[in-house]
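First the structure, in the form of structure tokens, and then the observations on it.
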Amino acid sequence: MPEQILILDFGSQYTQLIARRVRELDVYCEIHPYNKVPEITSDIKGVILSGSPSSVRDEGSPDLDMDVLRGKLPILGVCYGSQLLAQKYGGEVLPSEIREYGRAKLSHIDTHYDLLKEMSHGSQVWMSHGDTIKNLPDNFDVIASTDSVRVAAFKIKEEETYGIQFHPEVTHSTEGKNLLRNFVVGICGCAQDWTSDVFIDASIADLKAKIGSDKVVMGLSGGVDSSVAATLIHRAIGDQLICVFVDNGLLRKNEFEEVLDSYKHMGLNVIGVDAKQKFYDALAGITDPEAKRKAIGNAFIEVFDEESNKLEGVKWLGQGTIYPDVIESISVKGPSATIKSHHNVGGLPDFMKLSVVEPLNTLFKDEVREVGRALEIVEKIIGRHPFPGPGLGIRILGDVTAEKVKTLQEVDHIFIKGLKDHGLYDEVWQAGAMLLPIQSVGVMGDERTYEKVVALRAVGSVDGMTADWIHLPYEFLGKISNDIINKVKGVNRVVYDISSKPPATIEWE
Ligand code: XMP
């Protein structure tokens, strides 16, 4: 295991952000739920206790046996974590009298303490708490305050245990990164050597040891995660990795051929399977979005199973699972409620009897991209927008037919190519077109038409959990609308989706 920081999660919305910030310092870290503390090995150099939506004053609120950590490792309690430390050892935590939410300034800050080194007097921090630490135990020193919060930060005497009531991980805490560096590098002594290259070398060694001379089969989607995972496994075991790329008939225009070609150039051993008709048959007459997802998921499993059964001696299934999926599935809150059944999470059914290998399951999305670039995967694959597993199947509202797919592929192609040609593609997290199940009246020449409506959607996001619509230039939208109506038969109206998520979602189904 690499040298690391352990983050114990009490359920704060910001916990993943703490991990992001630590990793930005080139230090590896892992998030574990507060009630499942892993064994404390010598690789763990320090512990961060996260915030929480709970109050330490509530009965049954998240608790932790601090004695297994205190005095043995440096500890930084953030918000709830700091209140828990204070309360546990005889301090007093009470509801705040005034609202402590938003920006505040550290009017007193003692920079002699290692945690606050080189921070400025008046440094802006982000507060978000309903409770406040009123009194500290005798052996705790106040090391920073704001005008309204006396105990904004403390240190326990003679040990490297700190608490802060503000959130250094949020960008509104302008010197938050500095504080985290002071903790992770200065106090915990982490070496800042966890880079893409180190990750790649360690993963390859791990994969070699784990897989040995076995064979691995892996389904590719053309997306970033599966492509990077496959490349990494391929570096480790070469042609013992066999990839399967299925044309489900719901991909973008020319995507199957182009992506298959890129994979072959990358030296991957890929079997391309044309299963278009199987998917169209499975989808015939189905209009309910979840039923469509199920039909597509099942058809995929059948095709994949059939292909892997043709291969001899396969023991492993490679998957492109990334860290947020893992955190979500072990989180304090439990797997979040299924609003849509995103079938890429959960993988293949048990009957396949394969052991799973997931080389990216400790990385965030942007780290996957960095690793992909370090592996010299072409930008065309690394920089791609996310695309849903069920593809155009959930962008055609109502039932799916081969003809509708063809229409939507043309529309989507004009839009996406337009974004690329106008230098807008990289400004957008994800874009695409929806074929609506309605027709509208139009005129072409002297003729009255009654044809399809398409909706264009382009959103900005960091993780797909929340998203906002992108303000694409009017001239661009005008040109794309014209091109679509002139070139795509059967479409006479184009609309642009200006809803954000929440309350809307990115996809329409
Ligand atoms: P929503 O529509 O829930 O989408 O805001 C969030 C992200 O997830 C993608 N998405 C899917 N991905 N299978 C997938 O693999 C699915 O069924 C699915 N539905 C939505 C969506 O494209 C966006 O990136």
Side-chain angles (χ1 to χ4, degrees), residues 16 218-229 245-252 255 259 279 282-283 286-301 303-304 319-329 335-348 358 360 364-366 368-369 381-397 400 408 412 415-416 419 425-436 455-470 497-509:
Q16 283 200 32
M218 176 158 184
L220 297 181
S221 66
V224 182
D225 305 343
S226 66
S227 305
V228 175
F245 182 37
V246 178
D247 186 355
N248 59 9
L250 304 166
L251 301 174
R252 299 193 135 117
E255 187 168 34
V259 172
F279 284 83
L283 282 167
I286 303 181
T287 53
D288 174 67
E290 284 301 278
K292 285 200 238 173
R293 280 191 171 81
K294 286 220 171 67
I296 295 166
N298 291 339
F300 178 79
I301 288 166
V303 175
F304 190 81
Q319 286 198 312
T321 315
I322 65 171
Y323 197 38
D325 306 332
V326 176
I327 300 174
E328 187 76 359
S329 64
S336 58
T338 310
I339 298 171
K340 296 179 185 180
S341 58
H342 292 192
H343 71 85
N344 52 342
V345 180
L348 291 164
E358 301 173 314
L360 307 180
F364 288 102
K365 189 88 181 179
D366 50 339
V368 172
R369 290 205 161 100
I381 288 189
I382 297 299
R384 302 181 94 190
H385 289 172
F387 186 66
L392 301 182
I394 53 163
R395 291 190 179 167
I396 294 170
L397 279 74
V400 178
L408 187 57
D412 177 81
F415 184 34
I416 300 296
L419 287 170
Y425 186 83
D426 292 336
E427 317 265 304
V428 170
W429 154 271
Q430 182 170 3
M434 325 291 156
L435 187 66
L436 306 189
L456 306 182
R457 180 118 170 97
V459 296
S461 177
V462 280
D463 52 11
M465 303 292 282
T466 60
D468 209 352
W469 63 281
I470 297 273
D497 183 349
I498 55 167
S499 22
S500 55
K501 170 184 180 174
T505 50
I506 296 175
E507 304 295 342
W508 279 40
E509 285 199 330

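These values consider heavy atoms only, across backbone and side chains, with no hydrogens, waters or symmetry-generated copies. Order of listing sets the numbers, starting from 1, for every ligand and every atom in it.
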Inset, instruction - Run the numbers for me: atoms of ligand 1, each under 4.0 Å from some heavy atom of Lys501, listed by number. - result: 1 (P), 3 (O), 5 (O), 6 (C)
Legend entry - Test item: Tyr425 side-chain N/O and His385 main-chain N/O as donor-acceptor pair under 3.5 Å: yes
Inset, instruction - Using a 4.5 Å cut-off on heavy atoms from C-beta on, say whether the side chain of Arg369 contacts that of Phe364. - result: no
Legend entry - ligand 1 N/O within reach of Arg293 N/O, cut-off under 3.5 Å: yes
Inset, instruction - Compare every heavy atom of Arg457 with every heavy atom of Ser499, then report the nearest pair and how far apart it is. - result: O-NH1, 2.8 Å
Legend entry - Backbone or side-chain N or O of Gln430 under 3.5 Å from ligand 1 N or O: yes
Inset, instruction - Please indicate whether any nitrogen or oxygen in Ile506 is less than 3.5 Å from any nitrogen or oxygen in ligand 1. - result: yes
Inset, instruction - Would you check whether Glu507 has a nitrogen or oxygen atom less than 3.5 angstrom from a nitrogen or oxygen atom of ligand 1? - result: yes
Inset, instruction - Decide yes or no for Val400 and Lys292: does some side-chain heavy atom of the first lie under 4.5 Å from some side-chain heavy atom of the second? - result: yes
Inset, instruction - Would you indicate whether the side-chain heavy atoms of Ile381 and Val228 approach each other to under 4.5 Å? - result: no
Inset, instruction - Look only at interatomic distance and state if Gly389 has a nitrogen or oxygen under 3.5 Å from any nitrogen or oxygen of ligand 1. - result: yes
